[in-house]
There are 2 protein chains.
Amino acid sequence: MPDPDRPSPAAARTGSGSGRRPSAAAGRYGGRPTMKDVAARAGVGLKTVSRVVNGEPGVTADTESRVRAAIEALGFRRNDSARILRKGRTASIGLVLEDLADPFYSPLSRAVEEVARANGSLLFAGSSAEVPAREQELALALCARRVDGLVIVPAGEDHRYLEPEMAAGVATVFLDRPAQRVEADTVLTDNADGARRAVAHLIAHGHRRIGFVGDRSAIHTAGERLRGYREAMARAGLPVDEAWVAMGPTDPDRVRAGLDRMLSGPHPVTAVFAGNNRVTVTAVRVLYGRPGPVALVGFDDFELADLLRPGVTVIAQDPARLGRTAAELLFRRLDGDDSPPRRVELAADLLVRGSGEIPPAG
Amino acid sequence: MPDPDRPSPAAARTGSGSGRRPSAAAGRYGGRPTMKDVAARAGVGLKTVSRVVNGEPGVTADTESRVRAAIEALGFRRNDSARILRKGRTASIGLVLEDLADPFYSPLSRAVEEVARANGSLLFAGSSAEVPAREQELALALCARRVDGLVIVPAGEDHRYLEPEMAAGVATVFLDRPAQRVEADTVLTDNADGARRAVAHLIAHGHRRIGFVGDRSAIHTAGERLRGYREAMARAGLPVDEAWVAMGPTDPDRVRAGLDRMLSGPHPVTAVFAGNNRVTVTAVRVLYGRPGPVALVGFDDFELADLLRPGVTVIAQDPARLGRTAAELLFRRLDGDDSPPRRVELAADLLVRGSGEIPPAG
DNA sequence: CTGAAAGCGCTTACAG
DNA sequence: CTGAAAGCGCTTACAG
């Protein structure tokens, strides 16, 4: 949790400006000059300084130039934190996601940032590391800072903790995964549909034994993609051997073990559907090193997927579009849109590149 | 610039809590309860509420439970913005970099975030898009919010605008590229050394005509890598034909044009040194599609570089380590370290994978 | 153990 | 056109 208690390194500096009480002001914000200091130096009232700083009308050219000179001489910069306290709007939003470094989430972050910028807001960003307690801690810390809104890729499965915040006016949009146990705006990809199409594509290329390596089942997107996998198999009248399904963490060792399992045994799969970008990368490492060709379709696109041999066929989400859509919805709420919570589902695109068109071995 | 002037969607809500003047409080922060409301409800003084909220000693169990009940009933959450105004430390830092979505910068962001978190700080993140005016606007907006510190990957070439902020106590660490026209802590990779080793590696493999495709010369890292390239060539007694050097924006078309130029003409290069991750990716697309093999070493590692055929030999920086180092230095400053500005240079690693060991054609 | 007063640096509402 | 007073929601310094 944020802890503003530690002393500032600038605490030793002496206060600057005229008419200040050093005992109270010394070191605070590095002893920065305030509007009061500017007013004293320019020989005007506080409100006049405020008018000049904020470009409000009703100040004579002469007065204004005296104030500007004082601002310049003192190196004054308005303290927006104080301004915010009085105005009630912080002009900042928070973004909580799984991992800022993940190639799926980083374009999404950038998109949210761009929309925030276009709307005059600053962005707090933080990673939950897929730990529900961390998501909650971050989201609530952001609310305590009174962000105007929150874009959140949930890690947890119960978001009732946000209800008081939302009721108090914090605009909240859930992204990539839906809110749970709370009504809220949600923007996500149609994961089940994407998965169905991925698996149907493999079936169309002759596969009957298809494996699925997904993220932990508790993660909504993982569950949805698993559902899509099962539905596509069922629609084609194909049975699913549970040895072909490997849900769990996306670290390479776990993924590798899951693949080994479904590729050995009496009924090895001839094709693999990889449930997200992390899984696909490991699957490429495993499958491309094997003698017998195994077909592969991945969920999520990734850089250079087209340059591998064969190129990797994927169901591509558009992370930037997801981020943009969520942030735009957020600012529409901040602009007064109080219609019922919306759920926006974006379609994913099948990108055919080679790995998904490999025919079954034998 | 942030604009907190727009009305809040919650502005229509009526104020809650007892003893508040609706005309002033209605809608502010969504009409959230304040310590004053909690105090009134619990029948205690403001300071007692503050003590309970902050876990300060000297409150009887009975008083405390009355206060806690009021907090619970009202859904009170301390307004950290107000707290910060009084305490002088915001427990937030700012990160300004080129592009949050860039695979080089996103692990760096995550690393800065982790260190901030470990030090109880929240992180503001923003992209300069390599536009100096935007870097300055962002950095100053962050200073106006009174962030405790700033980690900045500069886009501009003159950082004197930050001098008053630094003097006022904003701890500032420049990352990836040095500060210009101002003394400040800097953490970066030894770019010239990395470039020298990349080019020496190609020379050791028999190349004499080596091209360099770099970012815009105005960017410090690009200039340093160009210098390393020239030094390695000079040390080996090799001439540099200026047609082999292509500096400029890293969009694919420009990179492609630069490559075409150095690969055609009377003295085509037999090897290419790509100046950063964006350039390398395009270089791979161009070179791997050509009939005659051309050797390639890239600056910056990237995912799946080892899975391409041949694998891409690179000079790998460690973006997470860069970010961590910078953020740790920042917090050391905030903890009172006032030694002279430091310059930390991290070495880059040569990762041999195949593309850099292709012998010269012919 | 408890609380009233003053203040953080601004803006608001109002009066001249 | 200009400014003194009050207040945003907290914490500090001090007094009981």
Side-chain angles (χ1 to χ4, degrees), chain A residues 4-5 8 15 17 19-40 42-54 56-64 66-67 74 76-90 144-146, chain B residues 4-5 8 15 17 19-40 42-54 56-64 66-67 74 76-90 144-146:
Chain A
D5 289 323
S8 162
R20 303 182 70 198
R21 294 176 49 202
S23 66
R28 203 165 297 295
Y29 295 133
R32 300 196 96 156
T34 71
M35 280 194 180
K36 197 172 153 196
D37 300 322
V38 173
V44 300
L46 197 56
K47 177 61 196 170
T48 298
V49 177
S50 177
R51 285 197 181 90
V52 171
V53 169
N54 295 305
E56 288 167 26
V59 182
T60 60
D62 177 57
T63 307
E64 173 166 350
R66 285 215 322 282
V67 171
L74 258 27
F76 169 79
R77 184 177 311 283
R78 182 181 66 195
N79 182 335
D80 280 348
S81 288
R83 173 170 216 248
I84 278 161
L85 177 63
R86 198 62 180 76
K87 299 209 73 130
R89 183 94 185 246
T90 64
R145 296 295 180 101
R146 297 298 188 260
Chain B
D5 291 324
S8 160
R20 303 183 67 198
R21 293 177 47 203
S23 65
R28 201 166 299 295
Y29 296 131
R32 299 195 98 156
T34 70
M35 279 193 182
K36 199 171 152 197
D37 299 322
V38 174
V44 300
L46 197 55
K47 177 60 197 172
T48 298
V49 177
S50 177
R51 285 196 181 91
V52 171
V53 169
N54 296 306
E56 288 167 26
V59 181
T60 59
D62 177 58
T63 308
E64 173 167 350
R66 285 217 322 282
V67 171
L74 258 27
F76 169 79
R77 184 177 310 284
R78 183 180 66 196
N79 182 335
D80 280 348
S81 289
R83 173 169 216 247
I84 278 160
L85 177 63
R86 198 62 182 76
K87 298 209 75 129
R89 184 94 184 247
T90 63
R145 296 295 179 102
R146 298 296 187 261

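Numbers restart at 1 for each chain; the letters A, B, ... are given by sequence-line order, proteins then strands.
Among the nucleotides C:dG7, C:dG3, C:dG9, the one closest to any side-chain atom of A:Asn79 is C:dG9. For A:Met35, counting side-chain heavy atoms from C-beta on, the closest listed nucleotide (D:dC10, C:dC10, C:dT2) is C:dC10. You'll find that the side chain of A:Thr34 is closest to C:dG9, out of C:dG7, D:dG7, C:dG9.
Distance CZ (B:Arg86) to P (D:dC10): 14 Å, rounded to an integer number of Å. In this structure, CG of B:Leu46 is placed 20 Å from P of C:dC1, rounded to the nearest angstrom. Rounded to whole angstrom, the span from the CD atom of B:Glu56 across to the P atom of D:dC10 amounts to 14 Å.
Using a 4.0 Å cut-off, some side-chain N or O of B:Thr48 falls inside it from OP1 or OP2 of C:dG3. The shortest distance between the side-chain N/O atoms of A:Ser81 and the OP1/OP2 oxygens of C:dG9 is not below 4.0 Å.
Under the 4.5 Å side-chain criterion, counting only non-hydrogen atoms from C-beta, A:Asn79 is not in contact with A:Arg32.
Between B:Gly58 and A:Ser50, the one whose closest nucleotide on DNA chain C sits nearer the 5' end is B:Gly58.
Interatomic distance, CZ of A:Arg89 versus CZ of A:Arg83, reported as 12.0 Å (0.5 Å rounding).
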Might you list the N or O atoms of the protein lying below 3.5 Å from N or O atoms in nucleotides 14-16 of chain C, with each pair's distance?
none

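When base pairs are accepted only as Watson-Crick or G-U wobble with both N-N or N-O distances under 3.5 Å, DNA chain C takes part in stems of 3 or more pairs at C:1-3 with D:14-16, C:5-12 with D:5-12, C:14-16 with D:1-3.
At distances below 3.5 Å, not a single donor-acceptor pair connects side-chain atoms of B:Thr90 with backbone N or O atoms of B:Ile84. Looking only at distances, a side-chain donor or acceptor of A:Ser81 sits under 3.5 Å from a matching main-chain atom of B:Arg145.
Not counting sequence neighbours, A:Arg51 has no partner by the side-chain hydrogen bond (donor to acceptor under 3.5 Å, both in side chains) test.
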